[in-house]
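Each remark here refers to the structure printed beneath this line.
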Amino acid sequence: MRRLLKRYLPDHESLAANRWLAPFGSTLFHPRLWHLNRHSAAGAIAAGLFCGLIPGPFQMPAAALCCLALRVNLPLALITTLYTNPFTIVPIYLLAFTLGEWILGPGAGQFTAPPEMGSAGLAAWLEALLAWTTDLGRPLFLGLIALAGILAPSGYLLTRLAWRYYLIRQWHQRRARRA
């Protein structure tokens, strides 16, 4: 499994030679951030799944900070955040909003269509858009945290189980070849 993942991840030496990453060398090139084993892979998947739900362009920096704090595989965590992309973000956020509504109970918030610009002008439309966003905010925010709290441990456990299954299968195949 390690060989399969290493084939697609960048190697430590090529990144260390990058002049843009040189100032972060002492922190960024810690060996545990680049070592790939079942512990670091599972932690990286969990960090990537958790940080992938952060809105906007802050997903990868947040995942990198989590990797620095937890000392798990950095490239794998960064790649894992890509599960939220322009094609999947709307269904994921709708799921998070629904989960937030369910947690908060009935009457916490209703999903309504965003306001249309109309003839009222830009300032009125921006004010209506801000009010619409605020109404959605509480259930969406709580739903995102709850969904991240579900996805991260699930990803961690599934990665550990998949790695263990792969190792056991390899042991059995090796035993069968020797016999």
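Index from 1, following the sequence. None of these values were measured; they are calculated from a predicted model.
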Does [X] reach the main-chain N or O of [Y] with its side chain, forming a donor-acceptor pair under 3.5 Å?
X: Gln59; Y: Gly52; value: yes
X: Tyr156; Y: Ile45; value: no
X: Thr81; Y: Cys51; value: no

For [X] against [Y], the heavy-atom pair lying closest together:
X: Leu99; Y: Ala146; value: CD2-CB, 3.7 Å
X: Ala47; Y: Cys66; value: CB-CB, 4.0 Å
X: Arg160; Y: Arg38; value: CD-O, 3.7 Å
X: Thr88; Y: Pro91; value: O-CD, 3.2 Å

Would [X] and [Y] show up in the same hydrophobic cluster when neighbours are defined by side-chain heavy atoms closer than 4.5 Å?
X: Ile89; Y: Leu140; result: yes
X: Leu104; Y: Phe141; result: no
X: Leu94; Y: Ile145; result: no

[Y] side chain reached by [X] side chain, heavy atoms, under 4.5 Å:
X: Thr84; Y: Leu53; result: yes
X: Tyr93; Y: Pro55; result: yes
X: His35; Y: Asn73; result: no
X: Thr98; Y: Trp102; result: no
X: Leu49; Y: Tyr83; result: yes
X: Glu101; Y: Leu142; result: no

Nearest 0.5 Å, please: how far is [atom2] in [Y] from [atom1] in [X]?
X: Cys67; Y: Leu78; atom1: SG; atom2: CG; result: 6.0 Å
X: His172; Y: Leu167; atom1: NE2; atom2: CG; result: 11.0 Å
X: Leu151; Y: Leu158; atom1: CG; atom2: CG; result: 10.5 Å
X: Leu74; Y: Met60; atom1: CG; atom2: CE; result: 10.0 Å
X: Leu161; Y: Leu157; atom1: CG; atom2: CG; result: 6.5 Å
X: Leu147; Y: Leu144; atom1: CG; atom2: CG; result: 7.0 Å

Heavy atoms of other groups near Gln170 CD, more than 12 under 6.0 Å: yes

Arg175 atom CZ, neighbour heavy-atom count above 12 within 6.0 Å: no

